Amino acid sequence: MTNLILYNTLTRKKEQFKPLNPPFVGLYVCGPTVYGDAHLGHARPAITFDLLFRYLQYLNYKVRYVRNITDVGHLENDADSGEDKIVKKAKLEQLEPMEIVQRYTDRYHHHMEQLNVLKPSIEPRASGHIIEQQQFVQRILDRGYAYEINGSVYFDVEKYHKQYHYGRLSGRVLEDLHTQTRALEGQEEKRNPYDFALWKKADANHLMHWPSPWSEGFPGWHLECSTMSTKYLGTPFDIHGGGMDLLFPHHECEIAQSTAADGHEAVKLWMHNNMITINGQKMGKSLGNFITLDELFTGNHRLLQQAYNPMTVRFFILQAHYRSTVDFSNEALQSAEKGLARLMKAWDILPGLTPGEPGEFDVTSWKQRCFEALDDDLNTPVMIARLFEAVRAINLAGEGKASFSASALTELVSLFDLFAGQLLGLQKPEKERSQNDRTTELIEMVLQLRLEAKRKNDYATADRLRDELTRLGVTVKDKKDGYDWEWDS
RNA sequence: GGUCACGUGGCCGAGUGGCUAGGCAACGGUCUGCAAAACCGUGUACAGCGGUUCGAAUCCGCUCGUGACCUCCA
């Protein structure tokens with residue numbers, strides 16, 4: 001029994017987390033559509049649910065974490081509406097669709113690794129589950145909640161709503177949707193504008209298509225998640241996560257599909273992370289105001305004043321609660337970078353502290369308050385605040401102004417590794433300097449000369465060497481009996 | 001237009017009836033040949049107006065402002 005409390009979008013309440021089949025937990029999260037580089041927004045759910053995955057495992061649950069790769073089926077809504085996003089890019093670049101998918105999947109994996117996001121247990125692809133999706137469509141047809149027309153199959157929302165409740169998750173009222181759903185081109189086949197495609201017949205220039213009982217075509221937009229979550233987690237399963245923007249229509253349609261197919265809802269707990277904004281506006285592919293993770297890590301973007309380390313980005317995201325929006329700015333990232341550096345440094349010196357008299361810092365109550373923060377709907381901002389309380393105590397001890405008892409110190413070392421490392425997933429930065437780097441040796445040589453000059457009280461020479469190094473981009477930091485240095489960032 | 005959120009000190013960001021996080025910046029100090037860095041210390045803020053209450057940033061009402069979803073989106 002654990003004290004973990006999570007916010008359920010379905011009930012709009014925080015709920016005590018209780019697995020359906022302890023000690024097993026099924027977790028499904030909507031993954032990326034791999035037709036382009038992942039952006040800052042993609043990092044949010046990846047990191048949020050990575051934290052949940054880590055914490056559930058720490059709590060000794062046997063978690064199966066499924067995060068899909070969408071490589072088929074999403075429609076685009078610009079000038080050429082109705083065309084598959086992945087196909088469009090393929091034609092543009094004269095590549096096979098699967099080539100695009102492979103490239104961006106690989107890049108997504110690389111970026112996730114940089115962010116220290118653990119791999120999910122299963123990462124299924126939509127294109128690898130066409131047969132299962134067709135079977136899912138058939139089940140819905142058999143139960144009478146879908147209709148076929150001209151080779152396409154649509155979900156009959158109205159009929160479904162008579163028995164179940166369409167709009168339960170998002171709070172939509174079907175009667176309102178009648179008047180508010182936008183009429184899109186090529187949708188006149190549908191009985192109602194809010195009906196959605198389960199299977200779509202491919203037109204002549206559509207490259208990705210598969211044979212089916214209804215037509216040569218491709219699966220509908222929402223089907224893959226219902227299909228793959230059911231296949232790997234069974235039904236019902238514990239937790240389904242994703243971005244808030246997927247709440248409607250994507251997740252609402254998932255609920256309808258699963259309920260129509262099985263007669264009961266598939267998901268017990270829905271979790272949604274909020275958006276990342278840029279200048280107060282949502283960052284998104286369609287808005288064209290997004291910054292990709294690659295650009296963020298290299299600093300190669302007009303809005304970026306510098307490159308940001310992946311750990312800075314992870315820390316930045318964890319400093320806000322996952323259900324709040326977080327606004328991107330250079331200032332915010334830079335303050336995260338500095339704060340993180342301070343945290344890392346304390347973490348670094350902690351194991352080397354000398355035990356002494358028991359100090360004022362109460363490790364036991366601190367530990368408890370850290371867990372309380374995590375248990376309270378993954379309140380990472382509060383947990384990080386706790387870590388900084390420990391940082392102050394550690395620094396004071398480092399300066400000999402406070403101390404920990406030997407047992408408190410041992411416990412604090414392992415708890416810091418647990419909280420900062422294992423759970424928040426922060427990594428200590430690698431030392432960039434390698435031993436056999438020639439430039440490094442030259443810099444070290446100059447600094448040695450400067451040290452000698454200082455010892456002879458030849459401050460003119462010492463200052464000149466420091467100024468020259470500064471000019472070349474090396475920041476010199478004098479220490480008590482030596483020096484430290486780093487490249488300007 | 002409909003639905004739903006939100007508005008916290010210079011900036012970011014928790015809290016959600018009394019105990020008033022945290023980070024960055026700023027200021028003060030320690031250290032230092034100087035500087036930088038580092039470290040320590042210092043901050044009663046909760047959009048506005050009413051109401052409920054012994055007591056409200058926290059509950060209720062109204063006003064103003066911002067955003068999200070309603071279309072692919074993390």
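Quick note: numbers below take in every heavy atom, side chains included, and nothing from hydrogens, waters or symmetry partners. Naming: A, B, ... by sequence-line order, numbering from 1 per chain. Predicted model, so just to flag it, every value in this text is computed and none were measured.
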Student: When the P atoms of B/U44 and B/G55 are considered, how many whole Å apart are they?
Tutor: 24 Å
Student: Could you pull out every donor-acceptor pair under 3.5 Å between side chains of residues 270-277 of chain A and any protein atom, sequence neighbours left out?
Tutor:
residue: A/His272; atom: ND1; partner: A/Thr9; partner atom: OG1; Å: 2.8
residue: A/His272; atom: NE2; partner: A/His251; partner atom: ND1; Å: 2.7
residue: A/Asn273; atom: OD1; partner: A/Gly243; partner atom: N; Å: 3.4
residue: A/Asn274; atom: ND2; partner: A/Arg323; partner atom: O; Å: 2.9
residue: A/Thr277; atom: OG1; partner: A/Val326; partner atom: O; Å: 3.4
residue: A/Thr277; atom: OG1; partner: A/Asp327; partner atom: OD1; Å: 2.5

Student: If you only use heavy atoms from C-beta on, which nucleotide in B/A21, B/C12, B/G23 is closest to the side chain of A/Phe388?
Tutor: B/G23
Student: Using atom P in both nucleotides, what's the gap between B/U16 and B/C60 to the nearest angstrom?
Tutor: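 One P to the other, the span is 14 Å.
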Student: Is NZ or CZ of A/Lys428 both nearer than 6.0 Å to the six-membered ring centre of A/Trp347 and within 45° of the ring axis?
Tutor: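 Yes; both conditions hold, so A/Lys428 lies above the ring face of A/Trp347.
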Student: What are the atom names and distances for every N/O pair under 3.5 Å that joins the protein to nucleotides 37-39 of chain B?
Tutor:
residue: B/A38; atom: O2'; partner: A/Lys345; partner atom: NZ; Å: 3.1
residue: B/C39; atom: O2'; partner: A/Glu399; partner atom: OE1; Å: 2.9
residue: B/C39; atom: O2'; partner: A/Glu399; partner atom: OE2; Å: 3.1

Student: Name the closest nucleotide to the A/Pro249 side chain, picking from B/A14, B/G33, B/C72.
Tutor: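 Looking only at heavy atoms from C-beta outward on A/Pro249, the closest nucleotide is B/C72.
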Student: Looking at A/Thr325, does any N or O in its side chain come under 4.0 Å of the phosphate oxygens OP1/OP2 on B/C6?
Tutor: no
Student: Can a donor-acceptor pair be found, under 3.5 Å and without considering hydrogens, that links the side chain of A/Asn330 to the backbone of A/Gln305?
Tutor: yes
Student: Which residues, if any, of residues 375-382 of chain A bring a heavy atom under 4.0 Å of RNA chain B?
Tutor: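 Contacts with RNA chain B under 4.0 Å: A/Asn379, A/Pro381, A/Val382.
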Student: Could you please name the option among B/C70, B/C73, B/G33 that lies closest to any side-chain atom of A/Arg172?
Tutor: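 Closest nucleotide to the A/Arg172 side chain: B/C70.
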Student: In dot-bracket, 5' to 3', how would RNA chain B read with Watson-Crick or G-U wobble pairs under 3.5 Å, [ ] for crossing ones and | for pairs to another strand?
Tutor: (((((((..(((.....[...))).(((((.......)))))....(((((..]....))))))))))))....
Student: Closest approach to the side chain of A/Phe248, judged atom by atom: which nucleotide of B/C70, B/A21, B/C73 is it?
Tutor: B/C70
Student: Look at the rings of A/His240 and A/Tyr28 and say which category their plane angle falls in: under 30° parallel, 30 to 60° tilted, over 60° perpendicular.
Tutor: tilted
Student: Could I get the full list of ring-ring contact (aromatic ring centres under 6.0 Å, His included) partners for A/Phe371, not counting sequence neighbours?
Tutor: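 Result, ring-ring contact (aromatic ring centres under 6.0 Å, His included) vs A/Phe371: A/Tyr58, A/Phe419.
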Student: Does B/C11 have OP1 or OP2 sitting under 4.0 Å from an N or O in the side chain of A/Ser329?
Tutor: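 Checking B/C11 against A/Ser329, no side-chain N or O comes under 4.0 Å of OP1 or OP2.
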Student: Of the nucleotides B/G33, B/C24, B/C73, which one has an atom closest to the side chain of A/His250?
Tutor: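 Among the listed nucleotides, the one closest to the side chain of A/His250 is B/C73.
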Student: Between B/C31 and B/C40, how many Å separate the two P atoms, rounded to a whole number?
Tutor: 16 Å
Student: Any idea which of B/A25, B/A74, B/A21 is nearest the A/Leu246 side chain?
Tutor: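 Of all the options, the side chain of A/Leu246 is nearest to B/A74.
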Student: A/Phe196: what forms a ring-ring contact (aromatic ring centres under 6.0 Å, His included) with it, not counting sequence neighbours?
Tutor: A/Phe155, A/His222
Student: Rounded to whole Å, please give me the gap between CD1 in A/Ile276 and P in B/G13.
Tutor: 11 Å
Student: Would you mind telling me which residue lines up with the more 5' stretch of RNA chain B, A/Tyr459 or A/Ser335, judged by nearest nucleotide?
Tutor: A/Ser335
